[in-house]
Protein chains: 2
Amino acid sequence: MILTEGKTKHIECLEQMLPIRDALDVISGKWKMLILTSIMHGNRRFKEIETSIPKINPKVLSKELKDMEEHQLIKRIVHDEYPVLIEYIATDYSRTLKSVMMELHAWGVNHRKKILGQ
Amino acid sequence: MILTEGKTKHIECLEQMLPIRDALDVISGKWKMLILTSIMHGNRRFKEIETSIPKINPKVLSKELKDMEEHQLIKRIVHDEYPVLIEYIATDYSRTLKSVMMELHAWGVNHRKKILGQ
DNA sequence: GTAAGCAGTTACCTTAACGTAAGCGGTATG
DNA sequence: CATACCGCTTACGTTAAGGTAACTGCTTAC
């Protein structure tokens, strides 16, 4: 029955699309995955992160860090010392993104090769 | 030597980040991966693709299809028949994105579960 | 010959992302 | 006591992404 097939295909297709969009909502944008990469490489302080990412500015960094904290990808820790020290660390949950990031990285390397080869 | 370590870390970190950004430049945005999913599920005609993706509008679809053709993710084929028939198909190159899409999908499914469970 | 489908385009508008430059309250440094 | 570092924030743009509504030229269907 063609109608049923069509409907099934349509629903299947939607079921593929919606989670992909959910994921992209969290990771897309120019900075989030770069910030997460930086933090995962051991950068913890605001300035460290800022200087590790070319061309980012403090306003954008500040906003993205807040977003990422809301999404539970990072944790902001305030140490009550003198002077006050603030650290950003990656959460366990953010580590579930590692395979996504690895795939993105691998594809990006390949893509750059392709573009330069043209 | 701490200086060397720091420098190495810094460069290593950049080498992770740049390809990730290259990849995100191609796939990010609200629609591209949804369109590719739709086409990979067998939707070929403009209207088919349009109706398969909730809330997309023809202007956006048209623009994204052009972008994706430039990036060689899809091919636009014009059949010189009566009436003229136009098809969009996924390229071999777009299939290199499949593992990225699968990771995004898997993460998205998990993320939705997490959010609903809160 | 009117209506409807296809594959879009056009003009216009809103929203969100991103950027620049400067500054602020705190601490520490010469 | 001036200068500078830290972790930001504020005010003020600019750019790009995305949305709405209407319309076009072509074809076929009633």
Side-chain angles (χ1 to χ4, degrees), chain A residues 2 6 10 17-18 20-36 38-39 42-71 73-89, chain B residues 6 17-18 20-36 38-39 42-71 73-89:
Chain A
I2 282 172
H10 195 237
M17 293 186 326
L18 298 182
I20 289 179
R21 165 166 295 175
D22 289 342
L24 284 173
D25 280 350
V26 175
I27 74 165
S28 76
K30 222 170 154 180
W31 302 112
K32 287 194 180 63
M33 289 304 98
L34 305 197
I35 294 170
L36 191 53
S38 174
I39 292 176
N43 296 307
R44 307 169 150 250
R45 315 270 310 257
F46 192 91
K47 271 284 145 129
E48 268 178 1
I49 300 167
E50 191 186 344
T51 57
S52 75
I53 302 174
K55 313 234 171 177
I56 201 167
N57 63 60
K59 182 198 148 188
V60 167
L61 178 54
S62 168
K63 191 220 158 211
E64 300 282 303
L65 286 169
K66 276 173 195 157
D67 280 9
M68 292 168 73
E69 210 191 342
E70 260 183 46
H71 283 124
L73 299 181
I74 58 170
K75 201 160 163 27
R76 183 180 189 264
I77 299 172
V78 183
H79 296 277
D80 275 355
E81 294 161 6
Y82 322 96
V84 181
L85 181 96
I86 291 164
E87 281 189 323
Y88 295 92
I89 58 164
Chain B
M17 292 186 327
L18 298 182
I20 289 179
R21 167 169 290 178
D22 289 343
L24 284 173
D25 280 351
V26 175
I27 74 165
S28 76
K30 221 170 153 179
W31 301 112
K32 287 195 181 61
M33 288 305 97
L34 305 196
I35 294 168
L36 191 54
S38 174
I39 292 176
N43 296 308
R44 307 170 150 250
R45 316 270 309 258
F46 192 91
K47 273 284 146 136
E48 267 178 2
I49 300 167
E50 192 185 344
T51 57
S52 75
I53 302 175
K55 313 235 172 174
I56 200 168
N57 63 60
K59 182 200 149 188
V60 167
L61 178 54
S62 169
K63 190 223 158 210
E64 300 282 303
L65 287 169
K66 276 173 195 158
D67 280 9
M68 292 168 72
E69 210 191 344
E70 261 183 45
H71 282 125
L73 299 181
I74 57 170
K75 204 164 161 25
R76 183 180 189 266
I77 299 172
V78 182
H79 296 276
D80 275 355
E81 292 161 6
Y82 322 98
V84 180
L85 182 95
I86 292 164
E87 280 189 326
Y88 295 92
I89 57 165

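Since the structure is predicted, the reported quantities are computational estimates derived from the model, not experimental observations. The sequence lines fix the lettering, A, B, ..., with proteins before strands; numbering per chain opens at 1. For the numbers below, each heavy atom of this structure counts, side chains included, while hydrogens, waters and symmetry mates do not.
Remark: P of C/dA7 and CG of B/N43 are 12 Å apart, rounded to the nearest angstrom. Atom pair B/L65:CG and C/dC6:P shows a separation of 16 Å (rounding to whole Å applied). Atoms NZ (B/K55) and C1' (D/dT20) sit 14 Å apart, rounded to a whole Å. Across the protein-nucleic acid pair, B/L61 atom CG and D/dG19 atom C1' stand 14 Å apart, rounded to whole Å. We find that CD of B/E50 is positioned 12 Å from P of D/dT20, with the value rounded to whole Å. For B/I53 and D/dG19, the CD1 to P distance is 12 Å, given to the nearest whole Å. Between B/L85 atom CG and C/dG5 atom P the separation is 17 Å, expressed in whole Å. Taking atom NZ on A/K63 and atom P on C/dG19, their separation rounds to 11 Å, with Å as the unit.
Looking at B/R21 and B/D25, no side-chain N of the basic residue comes within less than 4.0 Å of a carboxylate O on the acidic one, giving no salt bridge.
Contact between B/I89 and B/R44 at its shortest, heavy atoms only, is CG2-NH1, 3.7 Å. Closest heavy-atom contact between A/I35 and A/L61: CD1-CD1, 3.7 Å. What you find for B/I39 and B/Y88 is that their closest heavy atoms are CG2-O, 3.8 Å. Between A/E50 and A/P58, the shortest heavy-atom contact is OE2-CD, 3.5 Å. When every heavy atom of A/M17 is checked against every heavy atom of B/P54, the shortest pair comes out as CE-CD, 3.9 Å.
Side-chain proximity of B/R76 to the nucleotides C/dG8, D/dG19, D/dT9 is greatest for C/dG8. If you check D/dC6, D/dT20, C/dC18 against the side chain of A/K30, the one that comes closest is C/dC18. Each of C/dC18, C/dC6, D/dC6 was ranked by its minimum atom distance to the side chain of A/K47; first place goes to D/dC6.
Contact annotation: B/Y88 reaches the phosphate of C/dG8 (side-chain N/O to OP1 or OP2, under 4.0 Å). Contact annotation: A/S62 side-chain N/O to D/dC8 OP1/OP2 distance is not under 4.0 Å. For D/dT9, one of the phosphate oxygens OP1 or OP2 lies less than 4.0 angstrom from a side-chain nitrogen or oxygen of A/K66. When the side-chain nitrogen and oxygen atoms of A/R45 are compared with OP1 and OP2 of D/dG7, one or more of them lie within a distance under 4.0 Å.
Evaluated for a salt bridge (Lys or Arg N to Asp or Glu O under 4.0 Å) with A/E64, the options A/K32, A/K59, A/K30 yield exactly one hit, A/K32.
Atom-to-atom distance recorded for A/F46:CZ and A/I86:CD1 is 9.5 Å, nearest 0.5 angstrom.
Residue A/P58 is the one, among A/V84 and A/P58, whose nearest nucleotide of DNA chain C lies closer to the 5' end (criterion: closest heavy atom). Annotation: of the two residues near DNA chain C, B/I86 and A/V60, the 5′-most nearest-nucleotide partner is B/I86.
For a distance-only test at 3.5 Å, the side chain of B/K59 qualifies as a donor-acceptor partner of the base of D/dG19.
Within the 4.0 angstrom heavy-atom criterion, only backbone atoms of the sugar-phosphate kind lie near B/E64; the bases stay farther away.
Taking five base pairs at each end of the helix from C/dG1-D/dC30 to C/dG30-D/dC1, the local helix axes there meet at an angle of 10°, rounded to 10°.
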